[in-house]
Number of protein chains: 2
Amino acid sequence: MAKLAKKEESTSGHSIDEKDLAILRVLQQNARATVKEIADAVHLSTTPVHERIKRMEESGVIRQYATLVDHSKVKKGLMVICYVSLKQHNKNAGARFIKLVQELNEVIECYNISGEFDFMLKVVAESMDAYYDFHVNKLSQSENIGHVQSVFVMGIIKQTHVLVH
Amino acid sequence: MAKLAKKEESTSGHSIDEKDLAILRVLQQNARATVKEIADAVHLSTTPVHERIKRMEESGVIRQYATLVDHSKVKKGLMVICYVSLKQHNKNAGARFIKLVQELNEVIECYNISGEFDFMLKVVAESMDAYYDFHVNKLSQSENIGHVQSVFVMGIIKQTHVLVH
DNA sequence: ACTGAAAGACACAGACT
DNA sequence: AGTCTGTGTCTTTCAGT
């Protein structure tokens, strides 16, 4: 017992410095930037940049190199914010819901939230019909669902993944 | 006749086929995958894969190659869903709010939504104090803000950007 | 639209400051 | 920790099918 691994950085022995942040600033905007390009931008040669990137990949600071696809161009025009409360709140019931959410490709995000609902889901679908099908046949099929409330996204004002400025 | 520009793809003259989707399936998970790796995975040689990727970049199907950074490891541990209604709903008032949202680095997503509120924001902050500062000094500073409601994210169940399966 | 080859650029490891 | 240098691999273009 009592081996509560303290924190990310302290266990691996490396904290993130200003140069790492500078590298992240470039990579966040373009995951396919070459090491050379990044090296020029942060005023270092390629070797230390390469080492720092590898280190951040291994320590988990860099979660993933993702390609972001345009919703509307792959026939996923509809985005819905979906609130769910469960009937029962025991461990098992929660785990079953979480498993369901992981399996449903329409759900791209799911959070445990404060307030009157238990979960917030971000759902993408091809059309209102497809969303209705998701709602009735996939989500509400689970016998433990209490209330579901849908908020429709009418316009995207801002969408970024940039955390380091 | 009937030149109601039908859809994105038809205007550019290229629709996405099964091979493009296969390439996207790989790139979504790893934006740094080499063309050679993708070519092997989709059973083509490098040239057509390279051409198809370039085409999808230019047509906007591929929005961005992003590096996703771990929230907690860059001191952005708190995530809040924030609902905002405006006092006035004229064009100018809306535009000012949108401009403000674009400038605030704490706001990583903002949507125009249906229902009693006008906007939904996803906000990341270092701490509760930092969020309070955002709420009081940055967001509510705008004189056009009506009501603000904060929902705190207590746990991340699922978080993906994968749209093509 | 694809394959295969060929030139230039890059990633990555080594020796050194 | 960093720069410099070298080798194998990859990107990218071009001729051919």
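Keep in mind it's a predicted model, so treat the numbers as computed, not measured. Side chains included, hydrogens not; waters and symmetry mates left out as well; all remaining heavy atoms used. By convention in this document, chain letters (A, B, ...) are assigned in the order of the sequence lines, proteins followed by strands, and residues within each chain are numbered from 1.
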Under 3.5 Å donor-acceptor pairs involving side-chain atoms of residues 158-165 of chain A, not counting sequence neighbours:
from     : atom 1 : to       : atom 2 : distance (Å)
A:Lys158 : NZ     : B:Val101 : O      : 3.0
A:Lys158 : NZ     : B:Gln102 : O      : 3.1
A:Lys158 : NZ     : B:Leu104 : O      : 3.0
A:Lys158 : NZ     : B:Val107 : O      : 3.1
A:Gln159 : NE2    : B:Tyr111 : OH     : 3.0
A:Thr160 : OG1    : A:Val162 : N      : 3.1
A:His161 : NE2    : A:Gln28  : O      : 2.7
A:His165 : NE2    : B:Asn105 : OD1    : 3.2

Quiz: residues 34-50 of chain A side-chain donor-acceptor pairs under 3.5 angstrom, not counting sequence neighbours:
from    : atom 1 : to      : atom 2 : distance (Å)
A:Thr34 : OG1    : A:Glu37 : N      : 3.1
A:Glu37 : OE1    : A:Thr34 : N      : 3.2

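Within 6.0 Å of NE2 on A:His89 lie more than 12 heavy atoms contributed by other residues, nucleotides or ligands.
At whole-Å resolution of the value, CG in B:Asp40 and P in D:dT9 are 14 Å apart.
In the helix from C:dA1-D:dT17 to C:dT17-D:dA1, the end axes, each obtained as the rotation axis mapping the C1' atoms of four pairs onto the next four within a five-pair block, lie 20° apart to the nearest 10 degrees.
Reading DNA chain C from its 5' end, the first and the last nucleotide to sit under 4.0 Å from a heavy atom of chain B are C:dA1 to C:dG4.
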Contact string for nucleotides 10-17 of chain D, one letter per nucleotide 5' to 3', B = base within protein heavy-atom range under 4.0 Å, S = sugar-phosphate only, - = neither, reads SSBBB---
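Under the side chain to side chain donor-acceptor pair (under 3.5 Å) criterion, A:Asp129 pairs with no residue at all, not counting sequence neighbours. Taking A:Glu18 as the reference, A:Arg25 meet the side chain to side chain donor-acceptor pair (under 3.5 Å) condition, with sequence neighbours excluded. Taking the side chain to side chain donor-acceptor pair (under 3.5 Å) definition, one finds that B:Asp70 meets it with B:Ser72, sequence neighbours left out.
Note on A:Lys138 versus A:Glu103: no salt bridge recorded, every NZ/NE/NH1/NH2 to OD/OE distance being 4.0 Å or above.
Applying the salt bridge (Lys or Arg N to Asp or Glu O under 4.0 Å) test to every pair with at least one member in residues 109-123 of chain A, sequence neighbours left out, gives these pairs: A:Glu109-A:Lys122, A:Glu109-B:Lys122, A:Lys122-B:Glu109. Residue pairs satisfying the salt bridge (Lys or Arg N to Asp or Glu O under 4.0 Å) criterion with at least one member in residues 55-65 of chain A, sequence neighbours excluded, are listed as follows: A:Lys54-A:Glu57.
In this pair, A:Phe97 and A:Phe119 present their aromatic rings tilted. The plane angle is within the 30 to 60° band.
Taken residue by residue, residues 17-29 of chain A places heavy atoms nearer than 4.0 Å to DNA chain D at A:Lys19.
Residues B:Leu121 and B:Leu139 meet the side-chain proximity criterion, which asks for heavy atoms closer than 4.5 Å. Proximity of A:Val151 to B:Ser114: side-chain heavy atoms (C-beta onward) are separated by under 4.5 Å at one or more points.
For A:Arg52 and D:dG2, the shortest distance from a side-chain N or O to OP1 or OP2 is below 4.0 Å.
In this structure, A:Val136 belongs to a hydrophobic cluster whose other members, linked by side-chain heavy atoms under 4.5 Å apart, are A:Tyr132.
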